[in-house]
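What follows is a single structure, written as structure tokens, with notes after it.
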Amino acid sequence: MGSLLQGYSRPDSVDGGESDETVKECDFTVDPNQLIRASALRVLSSIRVTIIVPIMMLAIKEAASDMSPYVRKTAAHAIPKLYSLDPEQKDQLIEVIEKLLADKTTLVAGSVVMAFEEVCPERIELIHKNYRKLCNLLIDVEEWGQVVIINMLTRYARTQFLNPNMNESFLEEGSDKTFYGSDEDSDEEEEDKDKKVEAPMVKRKPYVMDPDHRLLLRNTKPLLQSRNAAVVMAVAQLYFHLAPKAEIGVIAKALVRLLRSHSEVQYVVLQNVATMSIKRRGMFEPYLKSFYIRSTDPTQIKILKLEFSPSGE
């Protein structure tokens with residue numbers, strides 16, 4: 001700790017000879033090397049002692065205003081550590097998160113969104129003014145940062161935008177009728193028709209996608225070509241929940257491509273494909289050959305392929 005901190009004053013009290021240590025300045029905030037500044041903050045935030053919480057808070061606030069984006073990224077990583085050590089610091093940490101969310105560098109974006117999800121995921125209003133910026137930065141963020149941001153934006157969009165397949169759900173609700181109706185049913189239908197003629201017709205407004213909703217779909221689509229399976233799965237989840245039915249088909253080809261990966265990846269992909277095909281029947285039918293059982297497949301992959309039907313049946 002002696003190399004990290006300087007400027008301790010130890011005034012002795014008159015009556016008891018006790019010492020009161022007050023930190024005036026953290027040495028790493030003035031070091032010209034950004035790597036040393038970041039490493040010092042990383043070490044400081046890893047010390048699990050509650051007595052140094054004020055020092056950690058001061059260091060994080062200083063680092064959040066640092067000129068180096070690498071140091072600001074380290075500050076974002078330190079926020080969840082301090083929050084787990086002392087949850088009472090949440091309000092101050094939210095102020096730091098709000099400041100870092102306004103950062104325009106791709107190096108910081110993924111780390112601060114992770115801190116946001118760890119500390120205050122319910123404060124969705126912090127994302128409003130940074131939504132478009134995050135969508136535009138997404139393509140240039142490092143891969144694991146992309147996963148975090150996509151998952152957060154999926155949650156955000158599902159609560160802030162209309163469901164593009166809402167009209168489809170209405171049609172499904174109205175189509176639940178028996179194929180063969182009884183005479184009583186037919187009489188009731190005739191009475192209902194007479195009532196409908198008398199009542200004014202209520203027309204549903206056609207769905208028009210919000211431009212910000214479209215921005216999210218447009219900026220995440222290229223990531224289906226990512227070499228990282230987690231990124232592809234995150235985008236597939238986003239499209240499954242947020243894309244119109246006519247556009248969901250683009251994720252099928254990307255998920256089938258992941259079936260050529262390691263067996264662990266295949267297992268996760270097949271589980272997700274089985275879930276998707278229950279709601280979106282026929283989405284994977286053009287790629288039926290990719291689900292054939294091979295002699296080299298592990299046992300758990302063979303079982304999943306046997307249980308799975310691309311037609312959703």
Side-chain angles (χ1 to χ4, degrees), residues 1-10 18-123 126-127 130 134 137-138 140-152 155 228 230-231 234:
M1 287 294 292
S3 61
L4 295 178
L5 305 173
Q6 71 176 18
Y8 282 96
S9 62
R10 297 180 176 85
E18 299 175 353
S19 63
D20 181 18
E21 297 184 356
T22 305
V23 178
K24 291 182 178 179
E25 183 180 9
C26 295
D27 191 23
F28 65 84
T29 61
V30 295
D31 195 286
N33 191 330
Q34 63 173 352
L35 297 179
I36 292 179
R37 298 200 300 272
S39 298
L41 176 58
R42 190 178 296 112
V43 172
L44 183 63
S45 62
S46 299
I47 300 174
R48 315 302 291 171
V49 181
T50 55
I51 198 171
I52 67 168
V53 165
I55 304 174
M56 292 174 61
M57 179 60 72
L58 174 64
I60 289 173
K61 288 182 177 179
E62 291 286 337
S65 303
D66 197 279
M67 293 180 61
S68 169
Y70 182 70
V71 178
R72 299 198 298 272
K73 176 180 180 177
T74 307
H77 287 168
I79 290 174
K81 296 179 182 179
L82 178 54
Y83 178 69
S84 64
L85 183 63
D86 186 5
E88 293 182 0
Q89 304 295 323
K90 181 174 181 177
D91 292 338
Q92 294 187 59
L93 291 175
I94 289 176
E95 294 178 5
V96 181
I97 290 173
E98 185 174 9
K99 181 178 181 180
L100 289 174
L101 279 172
D103 201 300
K104 297 181 180 179
T105 58
T106 56
L107 195 62
V108 181
S111 301
V112 68
V113 170
M114 173 63 80
F116 169 80
E117 292 285 81
E118 291 277 344
V119 177
C120 54
E122 74 283 355
R123 293 291 299 275
L126 298 178
I127 305 298
N130 300 299
L134 289 173
L137 289 179
L138 187 58
D140 296 318
V141 176
E142 48 91 18
E143 292 175 342
W144 294 110
Q146 289 175 342
V147 175
V148 174
I149 295 174
I150 292 171
N151 289 334
M152 184 275 294
R155 182 171 65 89
N228 190 312
V231 176

Closer than 3.5 angstrom, by distance alone: can the side chain of [X] be matched with the main-chain N or O of [Y] as a donor-acceptor pair?
| X | Y | value |
| --- | --- | --- |
| R72 | A64 | no |
| R42 | T74 | no |
| R155 | P121 | yes |

If I compare all heavy atoms of [X] with all of [Y], which pair ends up nearest, and what's the gap?
| X | Y | result |
| --- | --- | --- |
| K81 | S46 | NZ-OG, 3.6 Å |
| L107 | P69 | CD2-C, 3.9 Å |
| A109 | V141 | CB-CG2, 4.2 Å |
| A102 | N130 | CA-OD1, 3.7 Å |
| V113 | V148 | CG1-CG1, 3.6 Å |
| A63 | A75 | CB-CB, 3.7 Å |

Just one of E142, E143, Q146 clears the side chain to side chain donor-acceptor pair (under 3.5 Å) bar with N228, so which one?
E143
How many angstroms lie between atom [atom1] of [X] and atom [atom2] of [Y], to the nearest 0.5 angstrom?
| X | Y | atom1 | atom2 | answer |
| --- | --- | --- | --- | --- |
| L100 | I60 | CG | CD1 | 10.0 Å |
| K99 | S65 | NZ | OG | 2.0 Å |
| M56 | I51 | CE | CD1 | 13.5 Å |
| E98 | L93 | CD | CG | 13.0 Å |
| I94 | L101 | CD1 | CG | 11.0 Å |

List the steps, then state whether salt bridge (Lys or Arg N to Asp or Glu O under 4.0 Å) holds for E118 with R123.
CA-CA 11 Å; E118 291 277 344; R123 293 291 299 275; over 6 Å; no
Assess whether a salt bridge exists between E122 and K90, defined as any Lys/Arg side-chain N lying under 4.0 Å from an Asp/Glu carboxylate O.
yes
Any carboxylate oxygen within less than 4.0 angstrom of a Lys/Arg side-chain nitrogen, looking at E95 and K61?
no
Look at atom [atom1] of [X] and say whether more than 12 heavy atoms of other residues, nucleotides or ligands are closer to it than 6.0 Å.
| X | atom1 | value |
| --- | --- | --- |
| E88 | CD | no |
| K104 | NZ | no |
| M114 | CE | no |

Tell me, do [X] and [Y] make a side-chain contact under 4.5 Å, heavy atoms counted?
| X | Y | result |
| --- | --- | --- |
| M152 | L134 | yes |
| V108 | Y70 | no |
| I52 | L44 | yes |
| I97 | C120 | yes |

Between K73 and T105, does a side chain to side chain contact (heavy atoms under 4.5 Å, CB included) hold up when you go through it step by step?
CA-CA 10 Å; K73 176 180 180 177; T105 58; over 6 Å; no
Go through F116 and I127 one step at a time and tell me if the side chain to side chain contact (heavy atoms under 4.5 Å, CB included) criterion holds.
CA-CA 10 Å; F116 169 80; I127 305 298; 3.8 Å; yes
Between R48 and S84, is a side chain to side chain donor-acceptor pair (under 3.5 Å) present by the stated rule, with each step listed?
CA-CA 10 Å; R48 315 302 291 171; S84 64; 2.8 Å; yes
Candidate pair I79 and V112, rule side chain to side chain contact (heavy atoms under 4.5 Å, CB included), full reasoning
CA-CA 9 Å; I79 290 174; V112 68; 5.8 Å; no
